[in-house]
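Since the structure comes first, as C-alpha coordinates, the remarks are kept for the end.
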Amino acid sequence: MIEMCKKGEIDVIVTKSIHRFARNTLDAVKYVRMLRAMNINVIFEQEGLQGINPNDEQFITIHASMAQNYSQTLSENVKWGYKRCFARGEVYFGGKMLGYRKGKNGEVEIVPDEAETVRLIFKRYLDGYTIRGIAKELESRGRLTAKGNKKWDHVAIDKILTNEKYMGDALSQKTFTTDLLNKKQIKNTGQLPQYYVKNNHEAIISKEIFKRVQFERTRRKSLMPVTGKTKTNSGQYAPKYALTGLMLCGECGYPYRR
(Lines give C-alpha, C1' and ligand atoms only; values in the text may rest on other atoms or scores of the structure.)
Protein backbone atom coordinates (compact mmCIF):
# COMPACT_ATOMS: atom_id res chain seq x y z
CA MET A 1 0.00 0.00 0.00
CA ILE A 2 2.85 2.41 0.81
CA GLU A 3 4.38 1.71 -2.61
CA MET A 4 1.02 2.48 -4.24
CA CYS A 5 0.90 5.75 -2.30
CA LYS A 6 4.36 6.69 -3.57
CA LYS A 7 3.17 6.05 -7.13
CA GLY A 8 0.18 8.37 -6.60
CA GLU A 9 -2.38 5.57 -6.89
CA ILE A 10 -3.99 6.25 -3.47
CA ASP A 11 -5.44 9.54 -2.21
CA VAL A 12 -6.96 8.56 1.15
CA ILE A 13 -6.54 5.62 3.54
CA VAL A 14 -9.45 4.76 5.82
CA THR A 15 -8.76 2.41 8.72
CA LYS A 16 -11.03 1.26 11.53
CA SER A 17 -8.58 2.08 14.33
CA ILE A 18 -4.94 2.92 15.01
CA HIS A 19 -4.02 -0.57 16.24
CA ARG A 20 -5.13 -1.91 12.82
CA PHE A 21 -2.84 0.60 11.11
CA ALA A 22 0.51 -0.22 12.78
CA ARG A 23 1.86 -2.68 15.34
CA ASN A 24 3.73 -0.08 17.40
CA THR A 25 3.91 3.64 18.17
CA LEU A 26 7.05 4.27 16.14
CA ASP A 27 5.62 2.78 12.94
CA ALA A 28 2.30 4.59 13.36
CA VAL A 29 3.92 8.02 13.67
CA LYS A 30 6.50 7.33 10.95
CA TYR A 31 3.95 6.30 8.32
CA VAL A 32 1.46 9.03 9.22
CA ARG A 33 4.19 11.64 8.72
CA MET A 34 5.35 9.99 5.49
CA LEU A 35 1.83 9.98 4.07
CA ARG A 36 1.17 13.54 5.21
CA ALA A 37 4.30 14.65 3.31
CA MET A 38 2.76 13.06 0.18
CA ASN A 39 -0.53 14.88 0.94
CA ILE A 40 -2.31 11.58 1.62
CA ASN A 41 -4.78 11.55 4.48
CA VAL A 42 -5.20 8.65 6.92
CA ILE A 43 -8.61 8.56 8.59
CA PHE A 44 -8.90 6.63 11.87
CA GLU A 45 -12.64 6.02 12.22
CA GLN A 46 -12.77 4.77 15.81
CA GLU A 47 -10.61 7.58 17.25
CA GLY A 48 -12.00 10.29 14.98
CA LEU A 49 -8.49 11.44 13.98
CA GLN A 50 -6.91 12.36 10.65
CA GLY A 51 -3.25 11.99 9.76
CA ILE A 52 -3.32 14.98 7.42
CA ASN A 53 -3.95 17.25 10.42
CA PRO A 54 -0.65 18.02 12.30
CA ASN A 55 -2.64 18.88 15.43
CA ASP A 56 -3.92 15.29 15.61
CA GLU A 57 -0.42 13.79 15.70
CA GLN A 58 -0.12 14.01 19.48
CA PHE A 59 -3.40 12.17 19.95
CA ILE A 60 -2.38 9.59 17.33
CA THR A 61 0.82 8.96 19.31
CA ILE A 62 -1.10 8.49 22.55
CA HIS A 63 -3.61 6.10 21.00
CA ALA A 64 -0.82 4.19 19.21
CA SER A 65 0.99 3.74 22.51
CA MET A 66 -2.19 2.40 24.13
CA ALA A 67 -2.73 0.05 21.17
CA GLN A 68 0.85 -1.24 21.48
CA ASN A 69 0.38 -1.99 25.19
CA TYR A 70 -2.88 -3.78 24.42
CA SER A 71 -1.19 -5.89 21.73
CA GLN A 72 1.64 -6.83 24.10
CA THR A 73 -0.82 -7.90 26.80
CA LEU A 74 -2.85 -9.91 24.29
CA SER A 75 0.31 -11.57 22.97
CA GLU A 76 1.43 -12.61 26.46
CA ASN A 77 -2.02 -14.04 27.19
CA VAL A 78 -1.94 -16.09 23.97
CA LYS A 79 1.55 -17.39 24.80
CA TRP A 80 0.41 -18.34 28.30
CA GLY A 81 -2.56 -20.19 26.82
CA TYR A 82 -0.35 -22.17 24.44
CA LYS A 83 2.03 -23.11 27.28
CA ARG A 84 -0.87 -24.43 29.34
CA CYS A 85 -2.08 -26.50 26.37
CA PHE A 86 1.41 -27.89 25.75
CA ALA A 87 1.79 -28.82 29.43
CA ARG A 88 -1.50 -30.76 29.24
CA GLY A 89 -0.15 -32.74 26.28
CA GLU A 90 -2.21 -30.95 23.63
CA VAL A 91 -0.51 -30.66 20.25
CA TYR A 92 -0.83 -27.75 17.83
CA PHE A 93 -0.35 -28.37 14.09
CA GLY A 94 0.64 -24.94 12.82
CA GLY A 95 0.36 -24.04 9.16
CA LYS A 96 0.15 -26.48 6.25
CA MET A 97 1.98 -29.76 6.82
CA LEU A 98 2.53 -32.19 3.96
CA GLY A 99 0.66 -35.42 4.57
CA TYR A 100 -1.76 -34.16 7.22
CA ARG A 101 -4.88 -32.05 7.45
CA LYS A 102 -7.53 -31.24 10.04
CA GLY A 103 -10.58 -33.46 9.70
CA LYS A 104 -14.26 -32.62 10.20
CA ASN A 105 -14.13 -33.39 13.92
CA GLY A 106 -10.99 -31.32 14.39
CA GLU A 107 -8.72 -34.35 14.66
CA VAL A 108 -5.61 -34.65 12.50
CA GLU A 109 -5.99 -37.06 9.60
CA ILE A 110 -3.70 -38.34 6.85
CA VAL A 111 -3.93 -37.10 3.25
CA PRO A 112 -3.23 -40.31 1.27
CA ASP A 113 -1.60 -38.79 -1.83
CA GLU A 114 0.60 -36.43 0.18
CA ALA A 115 1.53 -39.25 2.56
CA GLU A 116 2.90 -41.19 -0.40
CA THR A 117 5.20 -38.26 -1.16
CA VAL A 118 6.44 -38.28 2.44
CA ARG A 119 7.10 -42.04 2.34
CA LEU A 120 8.96 -41.66 -0.94
CA ILE A 121 11.24 -38.99 0.57
CA PHE A 122 12.14 -41.23 3.52
CA LYS A 123 12.63 -44.28 1.28
CA ARG A 124 14.88 -42.51 -1.19
CA TYR A 125 17.02 -41.08 1.61
CA LEU A 126 17.61 -44.59 2.99
CA ASP A 127 18.25 -45.80 -0.57
CA GLY A 128 21.28 -43.53 -0.59
CA TYR A 129 19.90 -40.51 -2.47
CA THR A 130 21.13 -37.04 -1.61
CA ILE A 131 18.53 -34.39 -0.77
CA ARG A 132 19.25 -32.78 -4.13
CA GLY A 133 18.62 -36.13 -5.83
CA ILE A 134 15.34 -36.56 -3.96
CA ALA A 135 14.23 -33.08 -5.04
CA LYS A 136 14.92 -33.92 -8.70
CA GLU A 137 12.88 -37.12 -8.52
CA LEU A 138 9.96 -35.39 -6.81
CA GLU A 139 9.92 -32.71 -9.49
CA SER A 140 10.14 -35.28 -12.29
CA ARG A 141 7.19 -37.15 -10.80
CA GLY A 142 5.17 -33.94 -10.48
CA ARG A 143 4.89 -34.21 -6.71
CA LEU A 144 3.79 -30.98 -5.03
CA THR A 145 5.10 -29.35 -1.85
CA ALA A 146 2.88 -28.58 1.14
CA LYS A 147 2.16 -25.18 -0.43
CA GLY A 148 1.31 -26.70 -3.80
CA ASN A 149 4.57 -25.73 -5.53
CA LYS A 150 6.23 -27.93 -8.16
CA LYS A 151 9.73 -26.76 -7.20
CA TRP A 152 11.38 -28.48 -4.23
CA ASP A 153 14.28 -27.12 -2.19
CA HIS A 154 16.63 -28.89 0.20
CA VAL A 155 15.31 -27.02 3.26
CA ALA A 156 11.75 -28.34 2.80
CA ILE A 157 12.96 -31.92 2.34
CA ASP A 158 15.32 -31.73 5.32
CA LYS A 159 12.49 -30.45 7.53
CA ILE A 160 10.35 -33.42 6.51
CA LEU A 161 13.16 -35.87 7.28
CA THR A 162 13.60 -34.43 10.78
CA ASN A 163 9.95 -33.89 11.72
CA GLU A 164 8.97 -36.33 14.48
CA LYS A 165 5.27 -35.78 13.71
CA TYR A 166 5.61 -38.17 10.76
CA MET A 167 6.16 -41.08 13.18
CA GLY A 168 3.12 -40.08 15.26
CA ASP A 169 4.92 -38.15 18.01
CA ALA A 170 4.96 -34.41 18.62
CA LEU A 171 7.47 -32.00 20.16
CA SER A 172 5.86 -28.70 21.19
CA GLN A 173 7.50 -25.26 21.37
CA LYS A 174 10.37 -25.89 18.95
CA THR A 175 10.51 -22.17 18.22
CA PHE A 176 9.27 -19.01 19.88
CA THR A 177 8.79 -15.33 19.06
CA THR A 178 11.37 -13.02 20.61
CA ASP A 179 9.10 -10.00 20.99
CA LEU A 180 5.96 -8.41 19.63
CA LEU A 181 7.64 -5.70 17.57
CA ASN A 182 9.97 -7.64 15.27
CA LYS A 183 7.92 -10.88 15.23
CA LYS A 184 11.17 -12.82 14.76
CA GLN A 185 10.99 -16.53 15.50
CA ILE A 186 14.09 -18.32 16.78
CA LYS A 187 14.86 -21.94 17.60
CA ASN A 188 14.18 -22.96 21.18
CA THR A 189 17.49 -24.30 22.49
CA GLY A 190 16.53 -24.33 26.15
CA GLN A 191 15.16 -20.83 26.67
CA LEU A 192 11.63 -22.25 27.14
CA PRO A 193 10.38 -25.69 28.24
CA GLN A 194 9.49 -28.22 25.54
CA TYR A 195 6.91 -30.99 25.73
CA TYR A 196 7.16 -34.35 23.93
CA VAL A 197 4.00 -36.40 23.32
CA LYS A 198 4.32 -39.99 22.08
CA ASN A 199 1.76 -41.64 19.79
CA ASN A 200 -0.27 -38.46 19.54
CA HIS A 201 -1.73 -39.18 16.09
CA GLU A 202 -1.62 -41.67 13.24
CA ALA A 203 1.89 -42.07 11.86
CA ILE A 204 2.90 -41.94 8.20
CA ILE A 205 6.39 -43.33 8.85
CA SER A 206 7.26 -46.07 11.31
CA LYS A 207 9.47 -45.16 14.26
CA GLU A 208 12.10 -47.60 13.03
CA ILE A 209 12.39 -45.90 9.63
CA PHE A 210 12.44 -42.44 11.22
CA LYS A 211 15.27 -43.43 13.59
CA ARG A 212 17.24 -45.03 10.74
CA VAL A 213 16.98 -41.77 8.79
CA GLN A 214 18.28 -39.76 11.78
CA PHE A 215 21.18 -42.19 12.13
CA GLU A 216 21.95 -41.89 8.42
CA ARG A 217 21.86 -38.08 8.60
CA THR A 218 24.39 -38.17 11.45
CA ARG A 219 26.57 -40.64 9.55
CA ARG A 220 26.66 -38.48 6.44
CA LYS A 221 27.56 -35.38 8.43
CA SER A 222 30.48 -37.16 10.10
CA LEU A 223 32.11 -38.52 6.94
CA MET A 224 35.04 -36.11 7.18
CA PRO A 225 36.50 -35.94 10.71
CA VAL A 226 37.98 -32.86 12.33
CA THR A 227 41.64 -32.48 11.32
CA GLY A 228 44.35 -29.89 11.63
CA LYS A 229 42.98 -28.21 8.53
CA THR A 230 39.31 -28.26 9.50
CA LYS A 231 37.77 -26.92 12.69
CA THR A 232 34.42 -28.67 12.21
CA ASN A 233 33.10 -31.73 10.44
CA SER A 234 32.73 -30.65 6.83
CA GLY A 235 32.19 -33.91 4.99
CA GLN A 236 29.97 -33.98 1.93
CA TYR A 237 27.97 -37.10 1.23
CA ALA A 238 28.14 -38.35 -2.34
CA PRO A 239 26.29 -41.56 -3.28
CA LYS A 240 27.82 -42.04 -6.72
CA TYR A 241 30.60 -44.48 -5.74
CA ALA A 242 30.53 -47.23 -3.11
CA LEU A 243 33.75 -46.19 -1.33
CA THR A 244 33.13 -42.43 -1.32
CA GLY A 245 34.06 -41.01 2.07
CA LEU A 246 35.05 -44.40 3.50
CA MET A 247 38.81 -44.40 2.78
CA LEU A 248 40.62 -41.62 4.65
CA CYS A 249 44.25 -40.54 4.64
CA GLY A 250 46.00 -41.41 7.91
CA GLU A 251 48.12 -38.24 7.71
CA CYS A 252 45.63 -35.45 6.99
CA GLY A 253 42.27 -37.15 7.45
CA TYR A 254 40.94 -36.22 4.00
CA PRO A 255 39.13 -38.88 1.93
CA TYR A 256 40.82 -40.59 -1.01
CA ARG A 257 39.50 -39.78 -4.47
CA ARG A 258 39.26 -41.84 -7.64
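Counting from 1, the numbers follow the sequence of the chain as shown.
- R101 has its side chain out of reach of I110: every pair of non-hydrogen atoms, C-beta onward, lies at least 4.5 Å apart.
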When you look at R33 and E57, which way does the salt bridge (charged side-chain N to carboxylate O under 4.0 Å, His left out) test go after all the steps?
-> CA-CA 9 Å; R33 288 178 177 176; E57 183 172 308; 2.5 Å; yes
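- The line from NZ of K207 to CD of E164 is 10.5 Å long, rounded to the nearest 0.5 Å.
- One hydrophobic cluster holds both V32 and I2 under the rule that ILVMFWY side chains link at heavy-atom gaps under 4.5 Å.
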Test side-chain contact (heavy atoms from CB on, under 4.5 Å) on I209 and L126 and set out the steps.
-> CA-CA 9 Å; I209 291 177; L126 291 178; 3.9 Å; yes
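- Looking only at side-chain heavy atoms (C-beta outward), I40 and D11 stay at 4.5 Å or farther from each other.
- The side-chain heavy atoms of I43 and I13, taken from C-beta on, include no pair separated by under 4.5 Å.
- Ion pairing between a basic and an acidic side chain is recognised when a charged N comes within 4.0 Å of a carboxylate O; D56 and R36 show no such pairing.
- At least one side-chain heavy atom of L138 sits less than 4.5 Å from a side-chain heavy atom of I157.
- By the 4.5 Å heavy-atom criterion applied to side chains, K96 and K147 are not counted as neighbours.
- Panel note: side chain T162, backbone D158; a donor-acceptor pair is recorded below 3.5 Å.
- Residues I131 and R217 have side chains not in contact (no heavy-atom distance under 4.5 Å, counting atoms from C-beta outward).
- In terms of modelled atom types and a separation under 3.5 Å, the side chain of D153 and the main chain of V155 share a donor-acceptor contact.
- Two different hydrophobic clusters hold M1 and V29 under the rule that ILVMFWY side chains link at heavy-atom gaps under 4.5 Å.
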Report the C-alpha separation of K102 and E107 in whole Å, then their side-chain angles, then the decisive distance to 0.1 Å, and conclude whether the salt bridge (charged side-chain N to carboxylate O under 4.0 Å, His left out) test is met.
-> CA-CA 6 Å; K102 186 173 289 188; E107 297 293 328; over 6 Å; no
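- When atom types are taken as modelled, the side chain of Q46 and the backbone of S17 share no donor-acceptor pair closer than 3.5 angstrom.
- Heavy atoms from other residues, nucleotides or ligands lying under 6.0 Å from CD of E251 number 12 at most.
- Around the NZ atom of K16, the shell of radius 6.0 Å holds no more than 12 heavy atoms that belong to other residues, nucleotides or ligands.
- Applying the 6.0 Å contact sphere to CZ of F215 captures no more than 12 heavy atoms from other residues, nucleotides or ligands.
- In this structure, G168 and A203 approach most closely via the heavy-atom pair N-CB, 3.6 Å.
- Distance alone, capped at 3.5 Å, places no donor-acceptor pair between the D127 side chain and the Y129 backbone.
- No donor-acceptor contact under 3.5 angstrom links the side chains of E216 and T218, judged on distance only.
- Residues I60 and I52 do not share a hydrophobic cluster, defined by chaining ILVMFWY side chains whose heavy atoms lie under 4.5 Å apart.
- With rounding to the nearest 0.5 angstrom, the CG atom of L120 is 8.0 Å from the CD1 atom of I134.
- Side chain of E137 to main chain of A135: no donor-acceptor pair is present (N/O by atom type, distance under 3.5 Å, no hydrogens or angles).
- Contact record, V108 with Y100: CG1-CD2, 3.4 Å, taken as the closest heavy-atom pair.
- Distance CH2/W152 to CD1/I160: 4.5 Å, rounded to 0.5 Å.
- Here I205 contributes atom CD1 and R212 contributes atom CZ; the two are 11.0 Å apart, rounded to the nearest 0.5 Å.
- Rounding to the nearest 0.5 Å gives a distance of 12.0 Å between CD1 of I62 and CD of E47.
- To the nearest 0.5 Å, the span separating CD on E109 from NE2 on H201 amounts to 12.5 Å.
- For the residue pair Q50 / N41, a side-chain donor-acceptor distance below 3.5 Å is found, with atom types taken as modelled.
- Looking only at side-chain heavy atoms (C-beta outward), L171 and Y195 stay at 4.5 Å or farther from each other.
- No donor-acceptor pair under 3.5 Å is formed between the side chain of E116 and the backbone N or O of P112.
- V12 and Y31 are not part of a single hydrophobic cluster, where members link through side-chain heavy atoms under 4.5 Å apart.
- When all heavy atoms of I204 and G99 are compared, the pair lying nearest together is CD1-O, 3.7 Å.
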Stepwise side-chain contact (heavy atoms from CB on, under 4.5 Å) test for N149 and L144 | CA-CA 5 Å; N149 299 326; L144 302 179; over 6 Å; no
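- Two residues are said to be in side-chain contact when any heavy atoms from C-beta on lie closer than 4.5 Å; I121 and Y125 fail this criterion.
- No cation-pi contact links R119 to Y166, judged by a cut-off of 6.0 Å to the six-membered ring centre and 45° from its axis.
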Step-by-step salt bridge (charged side-chain N to carboxylate O under 4.0 Å, His left out) determination, K150 to E139 | CA-CA 6 Å; K150 295 181 179 179; E139 291 171 3; over 6 Å; no
Which is it for V42 and V14 under the side-chain contact (heavy atoms from CB on, under 4.5 Å) test, yes or no, and what are the steps along the way?
-> CA-CA 6 Å; V42 184; V14 181; over 6 Å; no
